[in-house]
Structure formats: C-alpha cells, structure tokens
Asks: 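I have a structure here, written as structure tokens, and I will follow up with some questions on it.
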Amino acid sequence: MPDVKKAVDQVNQLSLEKQLEIANEKYPDILHEERKEKEKTLPELKNVHGKVVMRLAPSPSGPLHLGHSRLCILNDEYVKRYGGELILRIEDTNPNNILPEAYEMIQEDCRWLGVNFTKYVVQSERMLFYYETARSLIKQGNAYMCSCRVEDFKRDLMNSTACPHRDVSPEESLEVFESVIGDMALTEHPVLVIKTDLHHPNPAVRDWIAFRVIEKSHPHTGKKYRFFPLMNFCVAADDHDLGLTNVIRGTDHINNTERQKYIFRYLGWKLPDYFHYGIIHIGDIILKTSMMKKGIIAGEYTGWDDVKLATIRALAARGYKPETFRKYWIDSGLNDVNADFSWEIFNSINRQYIDRSSDRYFFVNSPEKISVLDAPESKAHLNLYPNDDSRGFREYDIKSNPTLYLPAEDLSEMENGSIIRLKGLYNIRKEDGKYYFAGIEIHGERKKIIQWVGEDSIPFTIKKPDGNDDHGLLEKHATGKIGIIQLERYSFVKKISDSTALFLHR
RNA sequence: GCUCCGAUGGUGUAGUCCGGCCAAGCAUAUCGGCCUUUCGAGCCGACGACCCGGGUCCGAAUCCCGGUCGGAGCACCA
C-alpha cells in the first residue's frame, strides 16, 4: 500500500498535460474508455425458441391509456426482437362493459404508438369455439353447470365443500349447458364452473366460473348469444388456439394464470411461457376507464382526449411523442417489483424529442400592464430558436415609452431600484412602483431576463391537466402557428388555435 | 384473514439466476460551474443507495434462516 500511495503522489505531482501525454504514449487504451451511452434494452425473454407469438388483449371499454401503452410496447418490442406475430385480441365477452367505438380507437392507439399488430381477433366472433371447448371440458367431467345462489357458491368455496351440482353426471351438465346456449326461456341463470381443487390453498384458484348468462344485447352479436365466457376461460382457449408462445403481463394476473393452467392441463395443451412483471402505479391523473366515461357523460371532460385524462390520445393531443412512451417503458424494464410511474422522467424523455423542433415564443401568464418611461423607440429582435439564426426571427417595432405586459410575479419580486432585462429588447429599472428605461446593454452585471409582450399581443389560454387553466397574453408573432412550441420561461405547450394551447410539460 | 411476491440513493433502474471484475453503473431530480439575451438545450462537477439481524464462505447487494416493511390477488370485471 505505501508503494501505491507513493506512486499516486508522484503522478499527481505532474501537470494534467504531462499526465495525458504519458498516458497517450504508454497506455492509449485507458483514454479511449469513453463510456458510450448504452441504449438500455429489455432483458432476454426466457424459453424463446425461434419466432414468438405474443398478444395484446384489451377490453373495448374505452381507448387505450398510459397503463396499456406499457403492455403494448413491451410485447411489440419482443416480437420485433425475435420475429413472429403480435396479435391484438379484443376481449369483448362482457356486453356490459363495451364502448362500441373502442374497437376502432384501440387500433388507432396502437398504430400511433408504433405497435404493429399482425393479427386482429375479436372474441365475440369466436363464441362457437368457446362453446365447443366448454363441451369438451364438461364431457371430461372437468366442468359442471351450477345454479347455486352466488352467496352459497362462494361460501362453499371458502369452506372447501362441494356444491350439489359438482357431482352431477357430465351428460346431465351437458344437457343443461345446451339448453342455456339454446333459445329456451330461462327460469334461472346457471353458470359453467371449471373444476379445480376445492382444497387448493389459494381460495382464488378453487373452482372458478367460466360462463355466465347475460341477456343484454351485445354491440357486435346482438341477442345471438346469452351465455358469455369470462376472461379466464377465453384467455386460456384463445392463448392455445392462437398459438401463443410467450405471455407477459402484470402480477395482477398471477392467480388468473393458475386458473387458466387447469384448462391447459385438462385438454392436454402446451402452456405458453408466462412472465409477470410488477405493476407500475400511475398517479396524478385519471386512468380508470369507467371514471373517464362517467366524466365525459357528465360533461366534466370534453371527450376521450381531454387534457385531464391519461389516454394515449389525450397525451398525444398534448404533444407527447410515441418515442417517449417506448423509451420510457423500455427503460423501466421488466422488474417484478411494483413501482411508481415517474412523470418527471417521462417528461424529461419527451423534452429530448421535442426540444429541437419547438420554436420559442413569449407568453405572459397573469400579465401586469406597465409603461416604460424615458424609453426610446426600439426594435426587438428574437430568435425562433436559441443560437440558430437559420430558424428565423420574431421582430417587433417598439415605440417610445411603450405599454408592455410583464408577468406580475416577476414585477412583484423586483426590489426598488433593481434592474431587469426584457429579453431581446432592453433593461428596465423599478423606481417607486414605476418602470424606467435602463439601457440596452446585455452584458455587465448579471440580470434576470424575462419575457414580455406588447399591446399587439393576443389573449391566450393554456388548458392544464389539473383543470386550473392559465390565462395571459401571447406574442403576436405566434399567430397562425400550430403545434408544439416552447413558451419561454413558462412551459412547452401544444398550440391548437390562436387562442388556446394544451399544457405539455416544463 | 388466506395465497403468492418483492425490498439498490428523492424517483426510475443496472447488477441478484451462475458470490469475487460492485469501495455499486445509468437516467432523472437537486445543488454548483461553464456556455447562453429562457427557469430550455449542451458541457463539467457535487450530492446521494444495497431494509434490519443472524448464518454459510477466504470473500455476500448476490446464497440460507428469522424479522420488519411494502405490494398483488382472493368478482357471475379484464
């Protein structure tokens, strides 16, 4: 150790240039270590043999939202990596939970995200297949028709006791099944139950319900069917029938996977490889489709793309880029630990994608009207993008002793006698509540630099996700400009008209 | 309550399977500096983490046991 210290001391005696020189001569390798920023990638999937078949399986209760985007991107990434098929499967076997427009919206959302599904499947079109699968299970004695009251059925499960219907013969169950899927009037609403293990330690896995009667008309199939399969049943049947090789989904599905495995076992099907990742909790924004729907009906939101919502289309409308979603979810990885979604990081990624293409403009929030005394006639000269004259300019003729609008907050923070810089124009000094011209020089003592607008500015509203819209004035030069812009010192926004923009992020 | 799972800085992650190259990498945030006519971008720097306690081992973020804390599920939703 003393030798090491001695050596280090010796090296440190030398100048940096000298050190570099020696290193260059003798050990060129160490200097070329430039840590290349490795693009983070998803871990390899286990049990991949050749091409994969994966799926997205949303229910059509509404358009896709931020939470769905994760599943979409992850599946898409793996299919792109290994090659194969990505199936978009619409899970619409609950007529009570369907928004007819959602079938189309979901596909649009996928395309916008750059998620290229290669096959589109709608479950309500596969009812006969589900019935056939159910018959097989009944004939095997692995499924039975039950007409117990809900409470009795649940109580039996908790007590690990069999209900009276569990032991009826397959023939008898099949007969009941056929009558329920037929068009006879029903006196009771029986269900089809998959037999598992009444003593399974996890009550969630004990005999579970596979079909139930819903008399309501289905948006796609009308009144043609009334005995609808539940998610666990169709997922198992479809995952096999569509040839899924790998299934990745959230840990909230772990028990469902256990239930679905019974069907695979009974029918001798090969299981796909399952992976369950931790759930990412997304806060500060409305994510539940049912809540959104309610709010839209109540007029609280303008539609599925309202700024306050976290649907893909709402975020797209505000100016988030598809690449942002992709990078964020890849960076988040496939951890099996639950985590919190970070708007901070999400926004930071988005900023990288939009900054260079966003022109800069002045917006004064909560403006205060002032007159600048002793001010000569001037010209304001401002870049559309900092340090890049090729992008063009915003130019204004400012008359002498002009009336200007400045952010009230910045003015109130000014101390008596202090000087502030109006960006692209000149300096002003505050004196006894009045404002005086204070020279045009930029350099010299470091001053705060703020945005401003003139009398030709336009009333402008920024709609914000939290519902507290900002009102102020936008510089005239922005008229006609539509799209993502940066309002200097305020935020990035998506300008949608000459009077309105949607708030994006700082 | 029952079943299962997990625990790395303020936040998100890498590493954990197959112990040593990890006195722990990256991103983001924060704070400084440079640059800049934005509180934006870029560059440089600083700050900051292996839940606790035992055990195995020459060696533990990594393996084992216990504890604590957190989470998911327990629907005739998906």
Side-chain angles (χ1 to χ4, degrees), chain A residues 35 37-41 43 46 57-61 68 90-94 96-97 123 146 148-150 153-154 157-158 189-193 200-206 208-214 227-232 234-235 249-259 276 278-281 289-290 327-328 330-349 351-352 354-356 358 360-362 380-383 385-388 410 421-427 440-443 446-451 486-492 506:
Chain A
R35 34 188 140 122
E37 206 168 297
K38 265 188 268 165
E39 194 68 15
K40 204 183 154 188
T41 53
K46 286 180 183 140
S59 71
S61 52
H68 292 120
I90 307 286
E91 309 223 327
D92 62 342
T93 56
N94 179 4
N96 291 320
N97 190 27
Q123 286 188 328
C146 169
C148 287
R149 291 189 323 184
V150 177
F153 184 82
K154 283 186 183 165
L157 284 187
M158 291 316 286
H189 282 183
V191 293
L192 180 74
V193 182
H200 196 286
N202 186 351
V205 180
R206 296 173 195 162
W208 51 271
I209 299 187
F211 281 74
R212 81 306 206 190
V213 174
I214 298 178
F227 205 38
F228 285 96
L230 260 8
M231 183 262 256
N232 278 303
C234 354
V235 164
R249 49 180 171 174
T251 53
D252 51 334
H253 282 291
I254 280 186
N255 290 333
N256 291 324
T257 301
E258 288 312 306
R259 299 202 263 208
H276 298 96
I279 292 164
I280 292 192
H281 172 254
T289 313
S290 56
K327 180 160 169 50
Y328 184 86
I330 289 174
D331 283 356
S332 296
L334 271 186
N335 208 322
D336 36 21
V337 186
N338 297 353
D340 289 324
F341 180 82
S342 169
W343 285 103
E344 217 171 59
I345 292 175
F346 192 67
N347 290 342
S348 157
I349 294 171
R351 201 144 48 218
Q352 289 167 24
I354 62 168
D355 183 85
R356 280 176 49 188
S358 304
R360 295 342 120 98
Y361 291 101
F362 284 169
H381 188 71
L382 295 147
N383 278 76
Y385 189 82
N387 308 319
D388 186 357
D410 290 312
R421 171 84 186 168
L422 303 184
K423 191 177 175 188
L425 189 59
Y426 43 56
N427 308 320
I440 58 167
E441 72 282 358
I442 300 163
H443 302 291
R446 196 89 188 164
K447 299 177 255 319
K448 191 173 182 179
I449 299 161
I450 66 168
Q451 80 279 31
Q486 191 201 57
L487 301 178
E488 292 192 44
R489 298 212 316 137
Y490 175 79
S491 152
F492 285 95
R506 300 277 303 177

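Throughout, protein chains are lettered first and strands after them, A, B, ... in sequence-line order, and every chain is numbered starting at 1.
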Asks: Kindly write out the residues that satisfy ring pair (Phe, Tyr, Trp, His ring centres under 6.0 Å) with A/F492, not counting sequence neighbours, or none if the list is empty.
Replies: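 Expected list: A/H505.
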Asks: Looking at A/L382 and A/G424, what are the two nearest heavy atoms and their distance?
Replies: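 Result for this residue pair: CD2-CA, 3.6 Å.
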Asks: Can you name the ring pair (Phe, Tyr, Trp, His ring centres under 6.0 Å) partners of A/H68, sequence neighbours left out?
Replies: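 A/H68 satisfies ring pair (Phe, Tyr, Trp, His ring centres under 6.0 Å) with A/H65 once adjacent residues are dropped.
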Asks: Under 3.5 Å, which protein N or O atoms sit close to an N or O of nucleotides 47-52 of chain B? Give each pair with its distance.
Replies:
none

Asks: Expressed in whole Å, how much space separates the C1' atoms belonging to B/A7 and B/A61?
Replies: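 Each nucleotide's C1' atom is 11 Å from the other's.
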Asks: Does any N or O in the side chain of A/S332 come within less than 3.5 Å of the main-chain N or O of A/Y328, such that one atom is a donor and the other an acceptor?
Replies: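 Indeed, once roles are kept as given, a pair shorter than 3.5 Å links the two residues.
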Asks: Rounded to the Å, how far apart are A/R206 CZ and B/C2 C1'?
Replies: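 Spelled out: CZ on A/R206 to C1' on B/C2 is 8 Å.
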Asks: Between B/A49 and B/U3, how far apart are the two C1' atoms, rounded to whole Å?
Replies: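 The answer is 32 Å between these two C1' atoms.
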Asks: Return the value, rounded to whole Å, for the distance between atom OH of A/Y328 and atom P of B/G12.
Replies: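 Distance, rounded to whole Å: 8 Å.
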Asks: In whole Å, what is the span from the CG atom of A/N347 to the P atom of B/U28?
Replies: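 Taking atom P of B/U28 as the reference, CG of A/N347 is at 13 Å.
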Asks: So what's the dot-bracket for RNA chain B: Watson-Crick or G-U pairs under 3.5 Å, [ ] if a pair crosses, | if it pairs off-strand?
Replies: (((((((..((((......[....)))).(((((.......)))))....(((((..]....))))))))))))....
Asks: Excluding sequence neighbours, so at least two apart, what forms side chain to side chain donor-acceptor pair (under 3.5 Å) with A/R360?
Replies: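 With neighbours one apart ignored, the set is A/D355, A/Q486.
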Asks: Check the distance between B/G6's P and A/H276's NE2 and give it to me in whole angstrom.
Replies: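 Rounding to the nearest Å, NE2 of A/H276 and P of B/G6 are 13 Å apart.
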Asks: Would you measure the distance from the P atom in B/G67 across to the matching atom in B/C2 and give it in whole Å?
Replies: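 So the two P atoms sit 14 Å from each other.
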Asks: Could you tell me how far B/A27 sits from B/A41 if I compare only their P atoms? Round to whole Å.
Replies: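 To the nearest whole Å, 14 Å.
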Asks: Using salt bridge (Lys or Arg N to Asp or Glu O under 4.0 Å) as the criterion, list what pairs up with A/R212, not counting sequence neighbours.
Replies: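 Per chain and number, A/R212 pairs via salt bridge (Lys or Arg N to Asp or Glu O under 4.0 Å) with no residue.
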Asks: What integer distance in Å separates A/I254:CD1 from B/C2:C1'?
Replies: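 Answer to the nearest Å: 16 Å.
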Asks: Tell me every residue that passes side chain to side chain donor-acceptor pair (under 3.5 Å) with A/R421, counting only those two or more places apart in sequence or in another chain.
Replies: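 Testing A/R421 for side chain to side chain donor-acceptor pair (under 3.5 Å), a comparison that skips the adjacent residues, returns A/N427.
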Asks: Rounding to an integer number of angstrom, what distance separates B/G55 and B/U16 when you compare their P atoms?
Replies: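 About 26 Å, rounded to a whole number of Å.
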Asks: Rounded to whole Å, please give me the gap between CG in A/D336 and P in B/G15.
Replies: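 Atom CG in A/D336 sits about 11 Å away from atom P in B/G15.
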Asks: Using the C1' atom on both, measure B/G19 against B/C35 and round to a whole Å.
Replies: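 These two C1' atoms come out 47 Å apart once rounded.
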Asks: Mind checking what makes side-chain contact (heavy atoms from CB on, under 4.5 Å) contact with A/K154, not counting sequence neighbours?
Replies: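 Residues passing side-chain contact (heavy atoms from CB on, under 4.5 Å) with A/K154: A/V150.
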Asks: Could you give the distance from CZ (A/R351) to OG (A/S358), rounded to the nearest 0.5 Å?
Replies: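 Between atom CZ of A/R351 and atom OG of A/S358 there are 11.5 Å.
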Asks: How many angstroms lie between atom CZ of A/F362 and atom CG of A/L425, to the nearest 0.5 angstrom?
Replies: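 Here the rounded value is 9.0 Å.
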Asks: Base, backbone or nothing for each nucleotide of nucleotides 30-41 of chain B, written B, S, -, heavy atoms under 4.0 angstrom, 5' to 3'?
Replies: ------BBBBBS
Asks: If every non-hydrogen atom of A/P190 is compared with every non-hydrogen atom of A/V213, which pair is closest and at what distance?
Replies: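 Here A/P190 and A/V213 meet closest at O-CG2, 3.8 Å.
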Asks: Give A/D340 one of three labels, base, sugar-phosphate or nothing, depending on what nucleic acid heavy atoms sit under 4.0 Å from its own.
Replies: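 Sugar-phosphate, no base atom in range.
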Asks: Please give the distance between the P atoms of B/C21 and B/U28 as a whole number of Å.
Replies: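 Approximately 27 Å lies between the P atom of B/C21 and that of B/U28.
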Asks: I need the CG-P distance between A/L157 and B/G1, as an integer number of Å.
Replies: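 The answer, rounded to whole Å, is 21 Å.
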Asks: Distance check, P atoms only: B/C65 and B/A23, in whole angstrom units.
Replies: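 One P to the other, the span is 26 Å.
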Asks: May I have the distance from A/E258 (atom CD) to B/C5 (atom C1'), rounded to whole angstrom?
Replies: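 A/E258 atom CD is separated from B/C5 atom C1' by 13 Å.
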Asks: A/H253: which residues meet the side chain to side chain donor-acceptor pair (under 3.5 Å) condition with it, sequence neighbours left out?
Replies: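 Residues passing side chain to side chain donor-acceptor pair (under 3.5 Å) with A/H253: A/N256.
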Asks: Counting primed atoms plus P, OP1 and OP2 as sugar-phosphate and everything else as base, spell out the protein contacts along nucleotides 73-78 of chain B at 4.0 Å heavy-atom distance: B, S or - for each nucleotide, 5' to 3'.
Replies: BS-BSB
Asks: Mind checking the CD1-CZ spacing from A/I209 to A/F153? Nearest 0.5 Å is all I need.
Replies: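 One finds 4.0 Å between CD1 of A/I209 and CZ of A/F153.
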Asks: Suppose we screen for side chain to side chain donor-acceptor pair (under 3.5 Å). Which residues come up paired with A/H200, at least two apart in sequence or across chains?
Replies: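 Partners of A/H200 by the side chain to side chain donor-acceptor pair (under 3.5 Å) criterion come out as none, since no residue qualifies.
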Asks: Is a side-chain donor or acceptor of A/R259 paired with a backbone partner of A/A204 at a separation under 3.5 angstrom?
Replies: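 At least one qualifying donor-acceptor pair exists.
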